[in-house]
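Accompanying notes for the structure given below.
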Amino acid sequence: MKSFSLLIAFAAFAAKASAHYVWPNLLVNGANTTAWQYVRQTNNWQDLNPQTDVTTSDIRCYDSAQSGTASTVTVAAGSTVGFTVSGNPSNLYHAGVLNVYMAKAPSGTDVASWDGSGTVWFKVYQISAVTDGGSTITFPTTGLSEINFTIPPSLPSGQYLIRTEHIAIHSASYYGGAQFYIACAQVDVTGGGSGTPGPLVAFPGAYTGNEPGILINIYYPIPTTYVQPGPAVWTGSGSSTGSTTAVSPPVTTTAKSSSTSAPITTVKSTTTTAPPTSTGTGAAQYAQCGGSGFSGPTTCLSPFKCTVVNSFYSQCL
Ligand SMILES: *[C@@H]1O[C@H](CO)[C@@H](O)[C@H](O)[C@H]1NC(C)=O
Ligand SMILES: *[C@@H]1O[C@H](CO)[C@@H](O)[C@H](O)[C@H]1NC(C)=O
Ligand SMILES: [Cu+2]
């Protein structure tokens, strides 16, 4: 028993020392940008270590020692924006889940000098874990070297922080064990709409650290369900009712990819169509709709499209 726990301790230490990452590059409609140009340089830009304290103001942008270094980039509402992963290796290596939040700088405030405090953050994108009642749990973010999401077309114009967050839960069975890989970008959204983003949360405040999706043993017993941390994704238009949370249909695969990069898919730019109103049959927005071993519905409710995230996961976007 003793050697077993020593082995666990060593494995945790080894993971800590070698396999971390940061988010230095913003992607704007598929175009790469310079490292830490529009993304605020994070305190861990060299050591790559995660933030593990959900109560610190550094759970927000993790930039307390680096503030004031980023520029602000103009993006049209409806654009595809993303972040690339840099580390050792340069992908989301740890088992974990992803959230992307945005917050609007108060009017008259330059986002470059705004700290993002207050109950101002809403979620615009997530990639959760996939469970099947206790046989397997899989993490579709594993191996991604970049992530993309769409600036909601109905988002009001103005300056925003975009906060990306990978919550690594490979050693999260004790309080403080979850690892938060976070970064904030500065954007000026143009051509927006008149939506009312929500629900709103604060950082710190959004998480206590005791959430079932943050304080979790993913190995034994295998979780029967996974609850994504944070509020529901705001999908545009009025305030979210929380009814669009992705469901997790059964999967049969247990395979994990550690190095496969995401397949190149055709770039979709600025699709400023009518506000999403789900009609017909198929999977809901953000639900899984494909991937190796997936056996659920492979079509999406209109107007969402089944989009390949990686070989294990396609999602209605
Ligand atoms: C992100 O978007 C870029 C271009 O916009 C594309 O090349 C890349 O495959 C996308 N990545 C994912 C994971 O969807
Ligand atoms: C963006 O540029 C960085 C180097 O600054 C590179 O590491 C990364 O792979 C690039 N990402 C894409 C999607 O081109
Ligand atoms: Cu790590």
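Remember, it's 1-based here, ligands and their atoms both numbered in the order they're listed.
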Measure from the side-chain N and O atoms of Gln179 to the backbone N and O of His170, and report whether any donor-acceptor pair falls under 3.5 Å. no

Among all protein heavy atoms, pick out the one at the shortest distance from [atom]; state its residue, atom name and that distance to 0.1 Å.
atom: atom 5 (O) of ligand 2; result: Asn25 ND2, 3.2 Å
atom: atom 11 (N) of ligand 2; result: Asn32 ND2, 3.0 Å
atom: atom 13 (C) of ligand 2; result: Glu146 OE1, 3.0 Å

Result of checking Gln51, Glu165, Arg163 against Tyr62 for side chain to side chain contact (heavy atoms under 4.5 Å, CB included):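 For Tyr62, the side chain to side chain contact (heavy atoms under 4.5 Å, CB included) check succeeds only for Gln51.
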
Closest to the Cu ion (ligand 3), which N/O/S atom of His94 is it?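 For His94, the N, O or S atom at the smallest distance from the Cu ion (ligand 3) is NE2.
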
So which of the N, O or S atoms of His20 lies nearest the Cu ion (ligand 3)? ND1

Taking the six-membered ring for Trp and the single ring otherwise, decide whether the centroids of Tyr125 and Tyr101 are under 6.0 Å apart. no

Distance filter under 4.0 Å to Thr84 heavy atoms, resulting ligand 2 atoms: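 Those atoms are 11 (N), 13 (C).
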
Strictly inside 4.0 angstrom of atom 7 (O) of ligand 2, do you find any protein heavy atom?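 Looking at atom 7 (O) of ligand 2, one finds that no protein heavy atom lies closer than 4.0 Å.
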
Can you classify the ring geometry of Trp23 versus Phe83 as parallel (below 30°), tilted (30 to 60°) or perpendicular (above 60°)? perpendicular

Could you check whether Arg40 and Gln186, counting side-chain N and O atoms only, form a donor-acceptor pair closer than 3.5 Å? yes

Looking only at the side chains, is there a donor atom on one of Tyr93 and His20 sitting less than 3.5 Å from an acceptor on the other?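 Judged by distance alone, the side chains do not pair up.
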
